[in-house]
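Keep in mind that the numbers below use all heavy atoms, side chains included, and drop hydrogens, waters and symmetry copies.
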2 protein chains.
Amino acid sequence: MNVRLKPISADSPQAQPGCAACVANELNLCQAVSEACAVLPWGESIEIGGSNHVVPARRIVFREHDMRDAVPIICEGWAASAVLLPDGRRQILSFLLPGDIVSTALLFDARASCLVEAVTDVRYRAFKRPELKAALHKRPDLLEKFSKAWIDEKARADQLIVDLGRRSAEQRLARLILGLHERLTRLGLVPAGALEMGFPLRQHHIADATGLTPVHVSTVLSEFRKSGVVKISERWLTILDPDRLRRVANR
Amino acid sequence: MNVRLKPISADSPQAQPGCAACVANELNLCQAVSEACAVLPWGESIEIGGSNHVVPARRIVFREHDMRDAVPIICEGWAASAVLLPDGRRQILSFLLPGDIVSTALLFDARASCLVEAVTDVRYRAFKRPELKAALHKRPDLLEKFSKAWIDEKARADQLIVDLGRRSAEQRLARLILGLHERLTRLGLVPAGALEMGFPLRQHHIADATGLTPVHVSTVLSEFRKSGVVKISERWLTILDPDRLRRVANR
DNA sequence: CGGTGTCTTGAATACCATCAAGTCTTGTGG
DNA sequence: CCACAAGACTTGATGGTATTCAAGACACCG
């Protein structure tokens, strides 16, 4: 079973304007924005350069100042928003999955304090901030949608604070896996009830997300494997013992 | 110099409606909300029970479900929003200072995932969520103000993630002190340039905010004191060597 | 084919937690 | 006002978790 992700090209079927084939999360911000803007009196598109932005894996999608007037939303692939430290280490704030806005704070403020890196090949749309903001003021339903995204973002950040402040390496890894599995299930990228998922993260991603070192991530994951809790191979993860994993994760 | 904070009573001068004597942060949400609502067509107040809510130190201001329809803003005193773990430990997400909204997410969603505890005596106002939300839709300037509060809240959360994930105990403590000093200075609760501040936090607060144990907080603070970086006594903190503290904090 | 990135494993060490005892302060009821 | 209890802080000893350093196996890519 040599699973391999197809590389994304700008003219793949999913890249057509309107995102007809979009993996919509329950909010589907892209759709909402597009619809809202169709009604508004602007000649040109609210998007920057259409919906065909593609970034290959491991490349940086945005640096801090690249997001000055753009509000990016991930359409396809996995990305990570991270903070760099002067000594070269880094901390991942959040993994971004399809349907995720890079940061809801970008709606109101041009400054971003983090950079975004592609984990897999990533396709995204970028909306013009001033126009989007104007649309937000005119369309209460749009504000409602974005507020949900923001609540979600903040809840995940708060959970990460608790994980990093008060939980062991074992627990952090278990919770990361369960959290991603849950998000992917909600997105429909994992069938309901399924315990397998495509898992493109390298161990250094996991380390940077959980505040650990790659070496220690390797050790703990080996223990998970040996004790039959999960199986990881070929960028694919299977939860073998969901009960035990949840018990470890305290969920 | 036996400094002691005056207890807050509901009919102290600061407690008058309108918050004339309010320690306004640069946003002054209370003021903005009050003004915005004066123009709106409601018979009764947008506030719950006036502006006289007072909670003594160490008491819980809100539990998770107490914030169902209230959006609280701190007027006076220090509070902490925290998450409890099943084993009784806890993680403080943020210290709340005068002018702070408890959580901007409360504007849109009634569920709160944290509880709020008074560090000192605390006075707060509570606004009715549905009414506030309606006002938000009608007054773009109000949305603008709240978005600033939200960006601030998120930036602090992100910084805390980096601190807990990638910094040593020494650095976390230095950054906590500098961060609080900066916020108090912006609020005008510490004169510009001054290096002294009232510091009501117990070491267990510091421990819960930095993801450490009280014992280790004590040890590191002792080192800070012995090396002449800060002085702490009688709930009062003086930064003796700001350069060194900033160097430790990586700022 | 070498080079780079990824992962694994082992050994030594550092940092912080835990356990424990004791001092000092603060608050409370007799 | 005093006695007592509870909370807050300090300090030392010990142990565990995670880091650092190092070396090697393996896959992938130009």
Side-chain angles (χ1 to χ4, degrees), chain A residues 2-5 7 56-59 85 87-91 117-121 163-174 176 199-226 230-237 248, chain B residues 1-5 7 56-59 85 87-91 117-121 163-174 199-226 230-237 248:
Chain A
N2 198 336
V3 179
R4 184 184 278 262
L5 301 173
R58 302 186 17 185
R59 211 66 61 79
L85 278 83
D87 62 6
R89 293 181 307 162
R90 60 179 201 171
Q91 175 65 44
E117 191 185 306
V119 175
T120 65
D121 292 351
D163 288 353
L164 297 181
R166 291 296 182 209
R167 293 193 215 266
S168 68
E170 232 188 354
Q171 291 182 303
R172 295 183 207 177
L173 291 185
L176 178 68
F199 198 76
L201 299 183
R202 308 278 150 165
Q203 293 191 353
H204 76 258
H205 290 123
I206 302 178
D208 288 338
T210 52
L212 303 168
T213 56
V215 176
H216 199 233
V217 169
S218 171
T219 310
V220 176
L221 283 184
S222 296
E223 282 162 15
F224 278 7
R225 248 183 273 120
K226 273 169 204 158
V230 298
K231 198 182 94 179
I232 308 180
S233 62
E234 315 266 356
R235 312 285 147 218
W236 202 259
L237 188 150
V248 170
Chain B
M1 181 166 80
N2 198 335
V3 180
R4 184 183 280 262
L5 301 173
R58 301 187 15 184
R59 211 68 60 81
L85 277 83
D87 62 6
R89 294 182 306 163
R90 60 179 201 171
Q91 176 65 44
E117 191 183 306
V119 174
T120 65
D121 291 352
D163 289 353
L164 297 181
R166 291 297 183 208
R167 293 191 215 267
S168 68
E170 233 189 353
Q171 291 182 304
R172 295 183 208 177
L173 290 184
F199 197 77
L201 299 183
R202 309 278 151 165
Q203 293 191 352
H204 75 260
H205 290 123
I206 301 179
D208 288 338
T210 53
L212 304 168
T213 56
V215 177
H216 200 233
V217 169
S218 171
T219 311
V220 176
L221 283 183
S222 296
E223 283 162 15
F224 277 8
R225 250 183 269 118
K226 274 169 201 156
V230 298
K231 198 182 93 179
I232 308 180
S233 61
E234 316 265 357
R235 312 284 146 218
W236 203 258
L237 187 151
V248 171

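Picking from C:dT8, C:dT6, D:dT10 the nucleotide with the shortest atom distance to the side chain of A:R225 gives C:dT8.
For the pair A:R58 CZ and C:dG5 C1', the interatomic distance rounds to 7 Å; values are reported in whole Å. What separates CZ of A:R202 from C1' of C:dT8 is a distance of 15 Å, to the nearest Å. Atom C1' of nucleotide C:dT8 and atom NE2 of A:H204 are separated by 17 Å, given to the nearest angstrom. In this structure, A:H205 places its NE2 atom 8 Å from P of C:dT6, rounding to the nearest Å. When the P atom of C:dT25 is taken as reference, atom CD of B:E234 falls 9 Å away, rounded to whole Å. If you measure from atom CZ of B:F199 to atom P of D:dA8, you get 15 Å, rounded to the nearest angstrom. Between the CG atom of A:D208 and the P atom of C:dT6 there is a distance of 11 Å, rounded to whole Å.
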With a cut-off of 3.5 Å and sequence neighbours excluded, list every side-chain donor-acceptor pair involving residues 213-220 of chain B.
{"residue": "B:T213", "atom": "OG1", "partner": "B:H216", "partner atom": "N", "Å": "3.3"}
{"residue": "B:T219", "atom": "OG1", "partner": "B:V215", "partner atom": "O", "Å": "3.0"}

Between protein and nucleotides 16-23 of chain C, what N or O pairs are separated by less than 3.5 Å?
{"residue": "C:dC16", "atom": "OP1", "partner": "B:A169", "partner atom": "N", "Å": "2.9"}
{"residue": "C:dA17", "atom": "OP1", "partner": "B:T213", "partner atom": "N", "Å": "3.3"}
{"residue": "C:dA17", "atom": "OP2", "partner": "B:T213", "partner atom": "N", "Å": "3.3"}
{"residue": "C:dA17", "atom": "OP2", "partner": "B:T213", "partner atom": "OG1", "Å": "3.0"}

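Remark: B:A118 pairs with B:V55, B:V61, B:V122 by the side chain to side chain contact (heavy atoms under 4.5 Å, CB included) rule, at least two apart or across chains. In this view, B:A57 and B:D121 satisfy the side chain to side chain contact (heavy atoms under 4.5 Å, CB included) rule, not counting sequence neighbours. B:R225 meets the side-chain hydrogen bond (donor to acceptor under 3.5 Å, both in side chains) test with no other residue; sequence neighbours excluded. In terms of the side-chain hydrogen bond (donor to acceptor under 3.5 Å, both in side chains) criterion, residue partners of B:E117 (sequence neighbours excluded) are, by chain and number, B:R90. With sequence neighbours excluded, no residue satisfies side-chain hydrogen bond (donor to acceptor under 3.5 Å, both in side chains) with B:R172. Residues passing the side-chain hydrogen bond (donor to acceptor under 3.5 Å, both in side chains) test with B:R167 are B:D163, sequence neighbours excluded.
The distance from the CZ atom of A:F199 to the NE2 atom of A:H205 is 10.5 Å, given to the nearest 0.5 Å.
No side-chain heavy atom of A:K231 sits less than 4.5 Å from a side-chain heavy atom of A:W236.
A close approach under 4.0 Å does not occur between any side-chain nitrogen or oxygen of B:Q203 and OP1 or OP2 of D:dG7. Look at B:R235 and you'll find a side-chain N or O under 4.0 angstrom from OP1 or OP2 of D:dC9. The side chain of B:S218 contributes no N or O atom lying less than 4.0 Å from OP1 or OP2 of D:dT11.
The overall bend of the helix from C:dC1-D:dG30 to C:dG30-D:dC1, read as the angle between its terminal helix axes built from five base pairs each, is 40° when rounded to 10 degrees.
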